[in-house]
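Structure, as structure tokens:
Chain A is the first sequence line, chain B the second, and so forth, proteins listed ahead of strands; every chain is numbered from 1.
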There are 2 protein chains.
Amino acid sequence: MGARRGEDVEVVAAPGRLPDEPAVRERARAIPEAAVARLAVYLRVLSGLAEQGVTSIASEELSAAAGVNSAKLRKDLSYIGSYGTRGVGYEVEVLVDQIERILGLTRKHSVCVVGIGNLGHALANYGGFPGRGFPVSALFDVDEDLIGVPVGGILVSHVDDIVRVCSEREISIGVIATPPPAAQAVCDRLVSGGVQCILNFAPVVLQVPDHVEVRKVDLAVEMQILSFHVARRADEAANADESGMVVPG
Amino acid sequence: MGARRGEDVEVVAAPGRLPDEPAVRERARAIPEAAVARLAVYLRVLSGLAEQGVTSIASEELSAAAGVNSAKLRKDLSYIGSYGTRGVGYEVEVLVDQIERILGLTRKHSVCVVGIGNLGHALANYGGFPGRGFPVSALFDVDEDLIGVPVGGILVSHVDDIVRVCSEREISIGVIATPPPAAQAVCDRLVSGGVQCILNFAPVVLQVPDHVEVRKVDLAVEMQILSFHVARRADEAANADESGMVVPG
DNA sequence: CCAACTTTGTGCACGCGTTCACAAGCGCTA
DNA sequence: TAGCGCTTGTGAACGCGTGCACAAAGTTGG
Ligand SMILES: NC(=O)c1ccc[n+]([C@@H]2O[C@H](COP(=O)([O-])OP(=O)(O)OC[C@H]3O[C@@H](n4cnc5c(N)ncnc54)[C@H](O)[C@@H]3O)[C@@H](O)[C@H]2O)c1
Ligand SMILES: NC(=O)c1ccc[n+]([C@@H]2O[C@H](COP(=O)([O-])OP(=O)(O)OC[C@H]3O[C@@H](n4cnc5c(N)ncnc54)[C@H](O)[C@@H]3O)[C@@H](O)[C@H]2O)c1
């Protein structure tokens, strides 16, 4: 619980907010989703710096390493509190701890992967998850040949057991890597099993209750966004050409 | 819209933006990135509908299938033109064609994958890319044991040949699935080989010249965003509990 | 202890994206 | 042809995120 440093955390921020909201809840909720995503990036950069023995860093340098501008970095960090030293910078270790706290990484989040095909295998074998506090604790598939087979050190269970196994192992994050037609049914089962968050690789729009958070990783969409930019550039080039523009450089 | 702003504005908002641009280019650029991403989703839903023999659909129904509200859908579609019929809806085939045109999918975009490990194998074998106009035309790795081996029907080439092979096969999109330390070097080579867009799976911030578009797929970040939401929910529950809130129902 | 310098933290303004609400437009029916 | 009902397309308002610019706050050197 949070009251170890009972400092007078005045409601300095957020003028115009409702006066009767708990400060902690408000602060957590007030962090824009985009900022949360960037905090995760800062965390990785900071972890790398810590391994290299860097103990302190200024916003200018850290922001460059994270690929954002320094004002945005400072604003993002301000959402989680004031942990910098003016005239100096930030202590790497302090930032790591605080970002981990805000992202809820102090608690372990067990993960399951459903659909142990090409992608599912890669995910199950990936060392980046357990290394960052996301132990893969269950795997599921329908394929009888896969059931009971160890993948990445975990035995594959049958999809019919999702509800039971997820409850037993307190899975909080479910990763869906099944073919698209199976995704919604799998999703429903995960929700029944008490899974609170879903990371979906299948190109389908999942329907879930309000209390479940879904994020999708959609490679086709990513490719098409890139394609759009290629097309836009080609258009621009054609237009520039047409209008007799001189090639710069 | 303001050609000549006052001199008191000393900050140029967008570097390199010209005041008078051709309408076509303007229209393309005017589409918000977020809208482009959704258009790709609409496209998939529409393709599915077309296969089911649906020929016409109203914004209300299409938006539900795509998981957005109908106003947003109509606004998004309005970016690409007016192809609906008031009182009726949209012709599925027309929308598919128009979205494909805007996303630049009328042209084929050759793709290469670098780093044929767990993830690279999955990507190389994935049927969803060629099926959507993104033929995988080259694979690269450093591992001598992999060079010359066919994966998903393509022979793996050596990373040292990236520049030559990418030029020869006119690769426009490069997918990076190497370990993090190798990503930047691979990226530089791809750029030298004329690749315009990069999809990066390695958890590193890539530095690229302005004319290259990068998108990253960062699973650790996705997981941490989910973790943040779990933590936020837990906080809320704790707060609600603490403040003596009555459980509804 | 003060002055000069460095860097944080944030108020503020701007611009983009989302949402609302409704006029315009189309088909259908009488 | 006129009237009715339905759905699109979009102007306008709103809200959120981003970037700027500077005061506040700390450090360092004299
Ligand atoms: N492979 C990729 O690189 C890639 C890229 C982007 C998206 N995806 C998406 O990820 C998903 C998986 O792709 P993949 O290449 O691994 O496919 P895959 O066919 O190799 O694997 C699918 C696995 O899911 C299992 N499965 C099928 N129905 C199931 C069910 N009802 N419950 C549980 N498991 C079930 C199958 O037995 C198989 O093991 C697909 O939706 C695909 O569109 C894959
Ligand atoms: N596997 C996953 O599910 C997963 C998930 C998220 C992110 N990632 C990221 O994707 C990347 C690849 O992951 P993986 O699990 O496939 O790793 P992997 O170790 O299985 O494969 C990496 C491959 O890259 C090759 N390689 C190494 N150095 C190279 C270089 N300089 N040029 C070209 N190829 C090189 C290796 O020979 C190997 O084949 C990593 O950066 C990882 O962090 C993987």
Side-chain angles (χ1 to χ4, degrees), chain A residues 7 9-18 26-27 29-39 41-42 46 55-64 66-92 94-95 98 225, chain B residues 1-2 5-6 8-15 17 19 26-39 41-42 46 55-64 66-92 94-95 98 225:
Chain A
E7 295 177 350
V9 189
E10 294 179 358
V11 196
V12 149
R17 296 235 176 255
L18 293 177
E26 266 307 286
R27 193 198 299 154
R29 175 183 287 161
I31 305 181
E33 183 105 347
V36 174
R38 286 190 299 268
L39 283 170
V41 175
Y42 306 153
L46 287 164
T55 58
S56 171
I57 190 168
S59 66
E60 202 64 48
E61 201 181 340
L62 179 54
S63 65
V68 301
N69 76 34
S70 65
K72 193 185 286 186
L73 174 104
R74 290 198 300 277
K75 178 78 87 181
D76 288 343
L77 292 181
S78 79
Y79 290 127
I80 67 175
S82 294
Y83 301 104
T85 306
R86 293 171 191 230
V88 179
Y90 301 91
E91 245 185 276
V92 173
V94 172
L95 278 195
Q98 292 303 324
I225 294 173
Chain B
M1 261 317 190
R5 284 277 172 78
D8 53 318
V9 183
E10 60 181 359
V11 180
V12 180
R17 183 167 302 184
E26 266 307 288
R27 191 199 299 152
R29 174 183 287 163
I31 305 181
E33 183 106 346
V36 174
R38 287 190 298 267
L39 283 169
V41 174
Y42 306 153
L46 287 163
T55 58
S56 171
I57 190 168
S59 66
E60 202 64 48
E61 201 180 340
L62 179 54
S63 66
V68 301
N69 76 33
S70 65
K72 192 185 286 187
L73 174 103
R74 289 199 300 277
K75 178 72 91 180
D76 288 342
L77 293 180
S78 79
Y79 290 128
I80 66 175
S82 295
Y83 301 104
T85 306
R86 292 169 192 233
V88 179
Y90 301 90
E91 246 184 274
V92 173
V94 173
L95 277 194
Q98 293 303 325
I225 293 173

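We find that NZ of B/Lys72 is positioned 13 Å from C1' of C/dC20, with the value rounded to whole Å. As rounded to whole Å, 12 Å separates atom P of D/dG19 from atom CG of A/Leu73. Distance A/Glu91 CD to C/dT7 P: 16 Å, rounded to the nearest Å. In this structure, B/Ile31 atom CD1 and D/dG9 atom P are separated by 15 Å, rounded to whole Å. The interatomic distance linking A/Tyr79 (OH) with C/dT8 (C1') rounds to 16 Å, in whole Å. Distance CG (B/Leu77) to P (C/dT18): 14 Å, rounded to an integer number of Å. If you measure from atom CD1 of B/Ile80 to atom C1' of D/dG9, you get 13 Å, rounded to the nearest angstrom. Atom-to-atom, CD of A/Glu61 to P of C/dT6 comes out at 16 Å; the value is rounded to the nearest Å.
For B/Ala37, the side-chain contact (heavy atoms from CB on, under 4.5 Å) test picks out A/Val221, A/Ile225, with sequence neighbours left out. Applying the side-chain contact (heavy atoms from CB on, under 4.5 Å) rule to A/Ala35 yields the partners A/Ile31, A/Pro32, A/Arg38, A/Asp76, A/Tyr79; only residues at least two apart in sequence or on another chain are considered. For the side-chain contact (heavy atoms from CB on, under 4.5 Å) test, residues two or more places apart in sequence or in another chain that qualify with B/Ser70 are B/Ser59, B/Glu60, B/Ser63, B/Arg74.
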Might you list the N or O atoms of the protein lying below 3.5 Å from N or O atoms in nucleotides 12-14 of chain D, with each pair's distance?
residue : atom : partner : partner atom : Å
D/dA12  : N6   : B/Lys75 : NZ           : 3.4

Tabulate protein N/O versus nucleotide N/O from nucleotides 6-8 of chain D, keeping only pairs under 3.5 Å, one per line.
residue : atom : partner : partner atom : Å
D/dT7   : O4'  : B/Gly87 : N            : 2.9
D/dT7   : O2   : B/Gly87 : N            : 3.4
D/dT8   : OP1  : B/Ser59 : N            : 2.5
D/dT8   : OP2  : B/Ser59 : OG           : 2.5
D/dT8   : O2   : B/Arg86 : NH1          : 3.0

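Within 6.0 Å of the CD atom in B/Gln98, the count of heavy atoms belonging to other residues, nucleotides or ligands exceeds 12.
Terminal axes of the helix from C/dC1-D/dG30 to C/dA30-D/dT1 (five pairs each, C1' rotation axis) are separated by 0°, to the nearest 10°.
Atoms OH and OG, from A/Tyr90 and A/Ser82 in turn, are 8.0 Å apart once rounded to the nearest 0.5 Å. Distance CD1/B/Ile80 to OH/B/Tyr42: 10.5 Å, rounded to 0.5 Å. How far CG of B/Leu77 is from CG of B/Leu95: 5.5 Å, rounded to the nearest 0.5 Å.
Remark: B/Asn69 is in phosphate contact with C/dT19, judged by side-chain N or O atoms under 4.0 Å from OP1 or OP2.
At a threshold of 4.5 Å between non-hydrogen side-chain atoms, the residues B/Val92 and B/Thr55 do not count as touching. Here the side chains of A/Leu73 and A/Val68 are in contact, with some heavy-atom distance below 4.5 Å.
B/Ala34 comes within contact range of the sugar-phosphate backbone alone, with a heavy-atom separation under 4.0 Å but no base atom that close.
Between A/Val88 and A/Ser56, the shortest heavy-atom distance links the atoms CG1-OG, 4.1 Å.
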